[in-house]
Amino acid sequence: MTTDDGAVELVLDRERHHALIRIRREGQGNRLTRAMARQFVAHLDTVDADDDIKVAVVEGAGAHLSSGWDPREAWEQYVDAPGGAVKKHPSQRARLIALDDAWWGRNGLYNRLLHCRKVTITKAVGECYETGLYLTLCSDLVVAHENARFAVPRWRNVGVDGDLSLLVATVGLKRTKELMYAGTAWDARTALRYGLVDGVHADPDEEVGRLVEMCASIMRDGIVTEKYAVFASLAKMGVDHAFAAATVVGASLSNIHFQPDEYNFLADQRGHGTAAALERSRRHLE
Amino acid sequence: MIDVKVADWVGTVQVPDFAALTRYDAAFAWELRDTVVALADDSEVKVIVLRADGGDFAPDVPDASPPADRSATWRRVFAGAKGLYQSLAFCKKVVVTEVDGACRGAGSALVLCSDLTVAAETSSFGSPFMTTPEANFVLAALTMRLNRAKAWAVTGDVLDAVRAEEVGLVNQVVPGTALRAEVDALAARVTAMPLDGVTMSKMLLQAVLDAHGVGRDFDLATHYAARRRRAEETEAGPR
């Protein structure tokens, strides 16, 4: 895998009881591909299976946690799914399977991170867009750098295709709707005020280190017991239901019709390339 | 009484104020409900703005109370699945409330049912739960968090605009002179989303609201109204 393709690396420090999961695709704003999502999930499996690990830290290499999923795969992911290449346009089942497998399903990235049995700490730096936002929402603790920004610019292009239950539970209903409809980006201080992050720091590494040390001092049984109590609450909150709804609506939104004056990201990407389309579609966040 | 304008994907509904809803003016409420439903079905509309041009969004109505008989009309117009509040809460388009001055009773119920709220610095928000049994407490809890919603409902405290923003009841607080322009700018931002995307996003949200019991809480309005009536009769003593 080349650097441009990206990778997610895992570093285990059994002596200090912690793991580091680092997204490495600096040249592309750490935008995640499906292959990277699968790697991420495999690392979570390793972390969960290792009794010496109590805490997992999630971070992005370089300036951003993650500025989203890779839009070059926006169409490809459906074509590659079972039943996706049977006809000219991917079938509805292929779209559902693709979104479920990589992102929202039982073994998708978000569900898997949310249900990690160890304490998860995300270091939110720079652009925490789309995938970056959901890594934030699915973690137990979030330490933000002063320059962190949170948004889902893709929603402005197609509509809302992500889970809303965690967002509503974390920041409240009207603020969720602000992110959904108004094309808003929240800076780190706003995110702190809304409850999306637990702290804002000029040097987040220091705070992450402090939290890792603190969590690593907790007995293993205590951590896993508390995590299962959280899983029970998540089930009661209907998070599984909301993730399934996100899959269904996301698959439908991959098939929408645009009105004559509406911006079509995929058409822009085909005509002008991914970088130009991303720049144009995110200009409102500046 | 209800002025409607559609331009650039935005349907603007303008009235003198919304206090008629607190007074249980069924004709006004039904006309407003029909207007909202028509705009929701309009393929030229992505956003519905509720605006009062009389100074106060919904001034206080002393001694307001739901109809004594909790009639079929009251259920149809206010409390029922096809009534005003549920038409707003489960609307297929994005609903924005523009709040200036006093927002009391049904006005606050409208704010809870709307998606986005922009408020003038001088605005204030009374709890709707004392006067308006159709007000949805689950929406309040999801919006403000449970502890704050309980305190608002129990104490009946009036929240000033800054506090309303702090607790998440409103999205933006702006100077009164800038209110209309800010609402128009917000509505314009929402229209950047494709029409299909707006409707499907609202459907996704409805699934989450359903899972949290918002619909069930609307169903309980009849019971809340009956309880309120009994409390009033007890207060008044034997006739």
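Throughout, a chain's letter reflects where its sequence line sits, starting with A, and its residues are numbered from 1.
- At least one donor-acceptor pair under 3.5 Å links the side chain of A/Lys174 to the backbone N or O of B/Ser114.
- When heavy atoms are compared at a cutoff of 4.5 Å, A/Asn264 does not approach chain B at all.
- Taken from CZ in B/Arg189 to CZ in A/Arg156, the straight-line distance is 8.5 Å, to the nearest 0.5 Å.
- At a 4.5 Å heavy-atom cutoff, the contact between B/Glu165 and chain A is made by backbone and side-chain atoms alike.
- Heavy atoms of B/Lys46 lying under 4.5 Å from chain A belong exclusively to its side chain.
- Interface residue A/His241: only side-chain heavy atoms are found under 4.5 Å from chain B.
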Checklist line | Test log, rule side chain to side chain contact (heavy atoms under 4.5 Å, CB included), inputs A/Leu173 and B/Leu205 | finding: CA-CA 10 Å; A/Leu173 185 56; B/Leu205 184 68; 4.2 Å; yes
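- In summary, of the residues considered (B/Leu186, B/Val198, B/Val94, B/Val47), a side-chain contact (heavy atoms from CB on, under 4.5 Å) with A/Tyr181 occurs for B/Val94 alone.
- Proximity of B/Asp196 to A/Asn255: side-chain heavy atoms (C-beta onward) are nowhere separated by under 4.5 Å.
- Across B/Ala188, B/Ala211, B/Ala187, B/Ala207, the residue that shares the most heavy-atom pairs under 4.5 angstrom with chain A is B/Ala207.
- Heavy atoms from other residues, nucleotides or ligands lying under 6.0 Å from CZ of A/Arg106 number 12 at most.
- With sequence neighbours excluded, the residues that form a side chain to side chain contact (heavy atoms under 4.5 Å, CB included) with B/Asn136 are B/Val138, B/Leu139, B/Val214, B/Asp217, B/Phe218.
- Contact annotation for A/Val249: both backbone and side-chain heavy atoms come within less than 4.5 Å of a heavy atom of chain B.
- Looking at B/Thr117, both its backbone and its side chain come within 4.5 Å of chain A, counting heavy atoms on both sides.
- With chain B as the partner, the residue from A/Asn157, A/Leu253, A/Thr184 showing the most heavy-atom pairs under 4.5 Å is A/Leu253.
- Surrounding CE of A/Met237 are more than 12 heavy atoms belonging to other residues, nucleotides or ligands, all under 6.0 Å away.
- Of the listed residues (A/Val171, A/Asp161, A/Val168, A/Val248), the one with the most heavy-atom contacts under 4.5 Å to chain B is A/Val171.
- Remark: B/Leu116 CG to A/Arg175 CZ distance equals 13.0 Å, nearest 0.5 Å.
- Near-neighbour residues of residues 168-178 of chain B relative to chain A, defined by a heavy atom under 4.5 Å from a heavy atom of that chain, comprise B/Gly168, B/Leu169, B/Val170, B/Asn171.
- Contact annotation: the side chain of B/Leu142 never approaches that of A/Thr176 to less than 4.5 Å [non-hydrogen atoms, C-beta and beyond].
- Between A/Val160 and B/Met193 there is a side-chain heavy-atom pair separated by less than 4.5 Å.
- Looking at every heavy atom in both residues, B/Trp9 comes nearest to A/Gln259 through CH2-CG, 3.8 Å.
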